[in-house]
A.B. asks: 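Below: one structure in structure tokens.
What you see is a predicted model; the values in this text were computed from it and never measured.
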Amino acid sequence: YQWKLLQKELSDAGIEGPIFVSIGDKDRLKTFLSTNPEISPNNFFVDGYDFEAYKKAGFGRFDEKPKEITDNVKPKPAKLGGIQGWWTFFSNFLQLA
């Protein structure tokens, strides 16, 4: 539900194009999108395993950043939606990893 609200907010602000960028291939993207139908394929870009699009966009990797920057990153655990969410996550993990 929150993602749908965000999509409308981005659209109203005139933001278009890929919102999600990930590493992978077309089969992994297909698997991911099948388990996340609320995400439009038009909002997703998959870079190859060579990270070329990441590099051209100026993105880096955490292991290439100074410790002063990475020490301030505090990721929060994902909310997977109870038992069903965890089951979906683990049943697709190997395909998506």
A.B. asks: How many angstroms lie between atom OG1 of Thr35 and atom CG of Leu33, to the nearest 0.5 angstrom?
C.D. replies: 8.0 Å

A.B. asks: Is a side-chain N or O of Asp47 found less than 3.5 angstrom from the main chain of Ala53, in a donor-acceptor match?
C.D. replies: yes

A.B. asks: Would you mind checking if Lys30 and Asp27 are paired as a salt bridge, meaning a charged N to carboxylate O distance below 4.0 Å?
C.D. replies: no

A.B. asks: Would you say the side chain of Val46 lies within less than 4.5 Å of the side chain of Phe32, judging by non-hydrogen atoms?
C.D. replies: no

A.B. asks: Roughly how far, to the nearest 0.5 Å, is CD1 of Ile23 from CZ of Arg28?
C.D. replies: 11.5 Å

A.B. asks: Please round to the nearest 0.5 Å and tell me the distance separating atom NZ of Lys26 and atom OG1 of Thr31.
C.D. replies: 12.5 Å

A.B. asks: Would you mind reporting whether Asp25 and Leu29 have side-chain heavy atoms less than 4.5 Å apart?
C.D. replies: no

